[in-house]
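Every chain is numbered from 1, with letters handed out A, B, ... down the list of sequences. Quick note: numbers below take in every heavy atom, side chains included, and nothing from hydrogens, waters or symmetry partners.
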Amino acid sequence: MDLAALREQQLDLAAKVIREDRLDQDPPRLIAGADVGFEQSGDVTRAAFVLLSYPSLDLVEYQVARMATAMPYIPGFLSFREYPALLEAWSMLSQKPDLVFVDGHGISHPRRLGVASHFGLLVDVPTIGVAKKRLCGKFAPLGDEPGARAPLMDKGEQLAWVWRSKKRCNPLFVSTGHRVSLDGALTWVERCMAGYRLPEPTRWADAVASGRPAFKRLQAIGR
DNA sequence: GCGACAG
DNA sequence: ATCTTGTCGC
């Protein structure tokens with residue numbers, strides 16, 4: 001792989017990312033959560049999508065796709081490793097969501113093209129990046145109280161909101177993926193919380209993508 | 001030159 | 001990301 005070429009591609013695509021939205025004018029009825037995991041020592045990439053109805057947040061559908069891993073993990077180039085499987089799982093959905101929560105950063109990336117932005121551009125759907133760790137940028141220490149927030153700054157611009165979603169939990173990094181504003185991203189994440197550190201779409205996608213127990217009781221499927 | 005570094 | 005049980009703290 002030619003990182004210099006991929007880097008050019010990122011700058012090119014980043015220029016096309018739309019950092020605003022009109023989600024409040026016409027609220028999403030279906031919100032998706034997307035996550036990627038690996039099997040066979042990393043040889044197989046497993047992507048999962050879950051669809052939740054909004055505002056009930058009931059699980060409506062989920063799909064999992066598996067394929068040979070395309071690339072190794074290189075910080076700053078995560079999207080090239082994950083988007084092929086994400087596109088596959090996306091194509092398996094019987095209906096498409098109005099908004100997607102992607103596990104990872106959106107524009108809070110060195111070249112402003114994290115996986116949430118990259119994927120959003122590819123399918124031209126509003127996306128929000130929800131990451132658990134910082135990739136770039138700086139932020140002031142957060143207060144202990146839930147709801148505490150601080151702007152993630154890099155080269156003079158705000159790239160995300162560092163937000164404490166729950167008491168005694170590390171903060172989340174919420175950013176614009178595509179077709180969503182920075183404040184809108186945090187607003188929609190706040191609207192999808194249900195008492196856990198991660199918003200429901202992300203939490204479910206995580207459970208499905210890593211085949212965990214919390215997923216055994218396919219809770220609201222079919223209701 | 002020395003760290004930092006999504007999943 | 002993944003390998004993995006119990007355990008400390010609120």
Side-chain angles (χ1 to χ4, degrees), chain A residues 1 3 6-7 10 13-14 17 33-50 64-89 100-122 127-139 143-146 148 152-155 159-178 182 185 189 195-199 201-215:
Chain A
M1 72 204 102
L3 292 187
L6 295 185
R7 180 179 262 102
Q10 293 180 318
L13 291 171
V17 170
D35 190 27
V36 175
F38 298 86
E39 302 174 351
Q40 317 289 359
S41 304
D43 294 337
V44 175
T45 299
R46 174 194 346 85
F49 261 94
V50 293
V64 179
R66 273 168 239 269
M67 60 170 63
T69 298
M71 219 183 92
Y73 166 66
I74 301 173
F77 296 88
L78 175 72
S79 65
F80 294 101
R81 170 176 165 85
E82 306 195 333
Y83 86 71
L86 284 173
L87 287 179
E88 176 61 23
V100 179
F101 284 28
V102 179
D103 196 333
H105 288 94
I107 61 172
S108 38
H109 174 282
R111 288 166 296 284
R112 315 303 187 244
L113 194 81
V115 62
S117 297
H118 197 162
F119 178 77
L121 275 172
L122 291 176
T127 58
I128 292 174
V130 179
K132 305 177 202 66
K133 295 178 180 177
R134 182 193 72 96
L135 173 58
C136 69
K138 303 171 185 174
F139 62 98
D144 295 334
E145 73 285 5
L152 177 68
M153 305 295 296
D154 188 43
K155 296 176 180 172
L159 298 183
W161 277 113
V162 184
W163 180 60
R164 194 181 303 290
S165 59
K166 191 178 185 214
K167 285 183 180 179
R168 301 181 305 277
C169 283
N170 291 321
L172 261 26
F173 296 78
V174 181
S175 62
T176 291
H178 183 48
L182 218 38
V189 167
Y196 297 89
R197 176 163 84 123
L198 300 175
T202 307
R203 195 171 75 85
W204 277 104
D206 215 74
V208 172
S210 50
R212 277 190 256 119
F215 184 55

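- We find that NZ of Lys167(A) is positioned 12 Å from P of dC10(C), with the value rounded to whole Å.
- We find that CZ of Phe173(A) is positioned 10 Å from P of dA6(B), with the value rounded to whole Å.
- Here the side chains of Leu172(A) and Arg197(A) are in contact, with some heavy-atom distance below 4.5 Å.
- Comment: Arg134(A) does not engage Asp154(A) in a salt bridge, judged by the lack of any side-chain N to carboxylate O separation of less than 4.0 angstrom.
- Partner Arg66(A) forms a side chain to side chain donor-acceptor pair (under 3.5 Å) with one of Glu88(A), Gln40(A), Glu39(A) and no other, that one being Glu39(A).
- Lys132(A) comes within 4.0 angstrom of the backbone, heavy atoms only, and of no base.
- Nucleic acid contact for Tyr73(A): base, since at least one base atom lies under 4.0 Å from a heavy atom of the residue.
- Within 4.0 Å (heavy atoms only), Arg81(A) reaches at least one base atom of the nucleic acid.
- One atom, CG of Leu135(A), and another, P of dA1(C), lie 14 Å apart when rounded to the nearest Å.
- For the pair Leu159(A) CG and dC5(B) C1', the computed distance is 15 Å after rounding to whole Å.
- Annotation: side chain of Glu82(A) is not in contact with side chain of Phe119(A) (no heavy-atom distance under 4.5 Å).
- Within the nucleic acid shown, Gly37(A) comes within 4.0 Å of sugar-phosphate atoms alone, with no base atom in reach, counting heavy atoms only.
- Rounded to whole angstrom, the span from the CG atom of Asp206(A) across to the C1' atom of dA1(C) amounts to 11 Å.
- One atom, CZ of Arg168(A), and another, C1' of dC8(C), lie 12 Å apart when rounded to the nearest Å.
- In this structure, the CD atom of Glu39(A) is 12 Å from the C1' atom of dA1(C), given to the nearest Å.
- Straight-line distance from the NZ atom of Lys133(A) to the C1' atom of dA6(B): 8 Å, rounded to whole Å.
- Between Tyr83(A) and His118(A), the ring-plane angle classifies as tilted under the 30° and 60° cut-offs.
- Contacts of Phe80(A) with the nucleic acid, taken as non-hydrogen atoms under 4.0 Å apart, are absent.
- Looking at heavy-atom distances under 4.0 Å, Gly76(A) makes contact with a base.
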